[in-house]
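Down below is the structure, laid out as structure tokens.
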Protein chains: 2
Amino acid sequence: MTETPIRNMEEFARLSGISRPTVSKFFNDPDSVRRSTREKIEAALEKYDYRPNIYAINQNRKLTKNVGIVVPYLADPFFAEIARYIEQACIAAGYRPTLFSAHGDPALEIEIMDNLRALKPAGVLMAPLGRASDKSAIEAFCRNVPTVLFDSNIEGMGEAFVGSDNASFVTETVEYLTRSAEPPCFFEMKHPANPNANKRRAAYLAMAEKLGFAPQVIQIEGTGWGFEEIGRQGGLKLLEENALPSPVILCSNDRLAIGLLSACYERGIRVGREPECALRVASHDDHPFSRFTCPSLTTAAHDYAAVSDTAVESLFRLVEGGGKLKERSETLFRARLIMRNSA
Amino acid sequence: MTETPIRNMEEFARLSGISRPTVSKFFNDPDSVRRSTREKIEAALEKYDYRPNIYAINQNRKLTKNVGIVVPYLADPFFAEIARYIEQACIAAGYRPTLFSAHGDPALEIEIMDNLRALKPAGVLMAPLGRASDKSAIEAFCRNVPTVLFDSNIEGMGEAFVGSDNASFVTETVEYLTRSAEPPCFFEMKHPANPNANKRRAAYLAMAEKLGFAPQVIQIEGTGWGFEEIGRQGGLKLLEENALPSPVILCSNDRLAIGLLSACYERGIRVGREPECALRVASHDDHPFSRFTCPSLTTAAHDYAAVSDTAVESLFRLVEGGGKLKERSETLFRARLIMRNSA
DNA sequence: TGAAATTCTTTACGCGCGTAAAAATACTGC
DNA sequence: GCAGTATTTTTACGCGCGTAAAGAATTTCA
């Protein structure tokens, strides 16, 4: 690795003894050149440390190798984790992922799409904010940029959706709670940020019907993405008013449950499976922190890896197919029950 | 907003009735053209929706408007939060931030620096992994790219460092614990990932000397960035062996404390200020989840906003000064004690 | 109103690379 | 050693924009 700063491909080509167009061909696909030339170039690469100018490349290719990853709220470790999986899958496929977070703000989500358009990405993997998203902005974006939605579905938008089967989450937990204790009530936000919440409520109601118990839905106030605080405040209020219809509570998601558990703790109410416990709490998502709550949280887990891998695969099929699929597909992965101590 | 896709600046210039070089000038600084021409261009902008090709721009400018933000571990909401602050500050200053996470992996950190070099950013804000970082790689990087380190300092690298005054964190907590209860022992990882941990230990030892108590440092096993799990395992082991030298525990950071609290809960050991509690636990960082632990965590808070704003300011001063400062500066912000229920 | 100072237009080149076409060269199997 | 094929070289253009220089137009202000 000599300390010779190389200006451009022309210069590098000369130093490696290969013509520039061939070197260009090499960088687009090392296997597209003869073995002997590839080796010459690779030898020069060892020696001189050169990388093609990414801006010149992207300007001239019709399609960049960029992939946008958009999540609604990166301060939620769930999204940080899934973004990590997706990032790795993109890199492995030879693409350059760039991560964006809307930070819970619809205006920022629109701005991200604007910036993304300028990046001319080969494709975008997007978990939209959901209820707060500007649907028409997303629709317009998806018409221009090959997009696969994940985690949170918006009917008809994007070329595909990959996420978790919300119904299966609720089926698992309700079934388990009913079997091991008694039918749960359902604890959720009155105006959930995310459409998954609605599917979960619907699944809860369906399970009540199927198992023959009277459903009890508790809808707490609060807006935004500070779910823990919302769950906590809602929990404190319920406990204060003694308004819990059942000692078994199923939270719509783990972050609400984390807040609820902290409220219970503060009020001195024990949660868990033991006889001396007044409440049982279960939830959905298998949030990275759910194993460290007090008590540890019984929950239904996403298949992070399957969702990420499938979303990325779908995107690359889409990209290689020219950006359009014959038909919008929806892929859902089932939940896995994680039994811990809270229920 | 007519549906006329505009190909390039030439075309847009013609449609707006202004010459291309002037339009170019406008996009570089709207105030550099006469008011009347600016208004013409802005009117055309309303009508035709055009944005200069970012790749062509970056290819031709010596300096891009890109800013890299590198954090060691994005699944830690602390870094997600600070990244959010920094992002906003960059956007406000007219730059284009891009977020990268090393995900706790030194190899990835190096790869990020490689990619960052290709992006030719105006500057980089970097919170290095710390102990695991390849120091020489970072040093080489900092020589080529104007870099401001934040959160985690590496002696002499980057043009400036902005972070928190670790000593003040420990001073605050030790002082408080000693005053309200008794001198704490110090709970940390034997091989901490981050150099801040060493500063905190040193400050603890100094405080012990100053206040005249015998320091007790507990160093638990475990490597990597899964601090909660490490804290939990360490806590379980300590409790099992009854090896706690003091009923007052000061954790090096909140994530360890979260793990420790979960261990205590699991073992039925009450933590808090009330007389019936066997332990008190305090910590440092004011992690976003620390208010939802059971009990809520008494901790010392970073001044997120000050750290982010100052880091960004430093970077822009650096960039505008041509990428070099006369002298490497270190700016530290004091901690603020957050009293909650755990101690 | 006129001259000086601004600002704009015109023209032209360069950035680093993708890519096409034709010619030259290197391999392959027989 | 040959024809036939695969690969490389040579040459050349284009991508969209930054930017420099010279002259034309506009504004400013005495």
Side-chain angles (χ1 to χ4, degrees), chain A residues 4-45 48-66 94 96 115 117-122, chain B residues 4-45 48-66 94 96 115 117-122:
Chain A
T4 324
I6 295 187
R7 291 145 195 258
N8 52 36
M9 196 179 279
E10 189 78 49
E11 197 171 321
F12 175 75
R14 208 173 325 118
L15 288 168
S16 58
I18 303 289
S19 72
R20 188 180 70 76
T22 304
V23 170
S24 171
K25 206 152 171 283
F26 166 86
F27 278 111
N28 280 316
D29 177 8
D31 288 323
S32 69
V33 302
R34 200 189 293 146
R35 174 187 215 87
S36 59
T37 47
R38 197 185 67 200
E39 277 161 1
K40 278 193 212 167
I41 296 176
E42 277 163 354
L45 225 37
Y48 293 112
D49 164 52
Y50 159 79
R51 288 183 58 166
N53 181 307
I54 197 174
Y55 299 111
I57 293 175
N58 283 337
Q59 180 177 20
N60 293 310
R61 254 211 286 259
K62 335 103 223 273
L63 216 55
T64 70
K65 282 281 192 179
N66 294 336
R96 299 174 80 329
N115 285 322
R117 249 187 283 255
L119 286 179
K120 302 187 193 305
Chain B
T4 323
I6 294 185
R7 292 147 194 255
N8 52 35
M9 196 180 278
E10 188 78 50
E11 197 171 321
F12 174 75
R14 208 173 325 118
L15 288 168
S16 58
I18 303 288
S19 73
R20 188 179 70 76
T22 304
V23 171
S24 171
K25 206 151 172 285
F26 166 86
F27 278 111
N28 280 317
D29 176 9
D31 289 322
S32 70
V33 302
R34 199 188 294 145
R35 173 188 217 87
S36 59
T37 45
R38 196 185 66 202
E39 278 162 0
K40 276 192 213 167
I41 296 176
E42 277 164 353
L45 224 38
Y48 293 113
D49 161 55
Y50 158 79
R51 288 183 58 166
N53 180 309
I54 198 173
Y55 299 111
I57 293 175
N58 284 337
Q59 180 175 23
N60 293 310
R61 254 209 286 260
K62 335 106 220 274
L63 215 57
T64 70
K65 283 281 191 178
N66 295 335
R96 300 174 81 321
N115 285 322
R117 248 187 282 256
L119 286 180
K120 302 185 192 306

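Note that the coordinates shown come from a computational prediction; the quantities given were computed from them, not determined experimentally. The chains referred to below are lettered A, B, ... by the order of the sequence lines, with proteins before strands, and numbering in each begins at 1.
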Nucleotide nearest B:Asn60 when distance is taken to its side chain, options D:dG14, C:dT19, C:dG14 = C:dG14
Distance in angstrom units between A:Asn58 CG and D:dC17 P, rounded | 15 Å
Residue A:Asn28, side-chain heavy atoms: nucleotide from C:dT19, C:dG16, D:dG18 that is nearest | C:dT19
In whole angstroms, the gap separating P of D:dA25 from CD1 of B:Ile18 amounts to 15 Å
Should A:Tyr50 be listed as having a side-chain N or O under 4.0 Å from OP1 or OP2 of C:dC17?
-> yes
How close or far is atom P of D:dT26 from atom CZ of B:Arg38, stated in whole angstroms?
-> 20 Å
Of all the choices, D:dG18, D:dT8, D:dT19, which nucleotide is nearest to the side chain of B:Pro21 once you look at every atom?
-> D:dT19
Nucleotide nearest A:Lys62 (side chain, heavy atoms from C-beta), chosen from D:dT19, C:dC17, C:dT19 | C:dT19
Any donor-acceptor pair under 3.5 Å from B:Tyr55 side chain to A:Leu119 backbone | yes
Measure from the side chain of A:Arg34, starting at C-beta and using heavy atoms only, and say which of C:dG16, D:dT8, D:dT9 lies closest.
-> D:dT8
Does any non-hydrogen side-chain atom of B:Met9 lie less than 4.5 Å from one of B:Phe27?
-> yes
B:Asp31 has an atom CG; how far is it from atom P of C:dT6, in whole Å?
-> 17 Å
Considering only side-chain heavy atoms of B:Thr37, which listed nucleotide, C:dC17, C:dC8, C:dA12, is closest?
-> C:dC8
Nucleotide C:dG16, atom P - distance to CZ of A:Arg51 in whole Å = 16 Å
Using a cut-off of strictly less than 4.0 Å, decide whether A:Ser19 has a side-chain nitrogen or oxygen near OP1 or OP2 of D:dT9.
-> yes
Side chain of A:Met9 (C-beta onward), nearest among C:dG18, D:dT9, C:dC8 = C:dG18
Taking OP1 and OP2 of D:dT7, is either one under 4.0 Å from a side-chain nitrogen or oxygen of A:Lys25?
-> no
Whole angstrom value for the distance that separates P of D:dG16 from OH of A:Tyr55 = 18 Å
Do A:Ile41 and A:Phe12 touch side chain to side chain, with heavy atoms closer than 4.5 Å?
-> yes
Phosphate OP1/OP2 of C:dT19: any A:Ser24 side-chain N/O under 4.0 Å | no
hbond_proxy B:Arg20 side chain to D:dG18 base (donor-acceptor, 3.5 Å cutoff) = yes
Quick check: does any side chain N or O of A:Lys25 sit under 3.5 Å from a backbone N or O of A:Ser32, one acting as donor and the other as acceptor?
-> yes
Would you kindly give the CZ-to-P distance between B:Arg7 and D:dC15, to the nearest whole Å?
-> 9 Å
Just by modelled atom types, is the B:Lys120 backbone N or O under 3.5 Å from a matching donor or acceptor in the B:Thr64 side chain?
-> yes
pair B:Lys40-B:Ser16: side-chain heavy atoms closer than 4.5 Å | no
Nearest-nucleotide comparison on DNA chain D, the residue closer to the 5′ end among A:Val33 and B:Ile54 | A:Val33
To the nearest Å, give me how far apart CZ (B:Phe26) and P (C:dT7) are.
-> 16 Å
Of B:Gly17 and A:Ala56, the one whose nearest nucleotide on DNA chain C sits closer to the 5' end is B:Gly17
Please tell me which of B:Ser36 and A:Ile57 maps to the more 5' nucleotide of DNA chain C, matching each residue to the nucleotide holding its nearest heavy atom.
-> B:Ser36
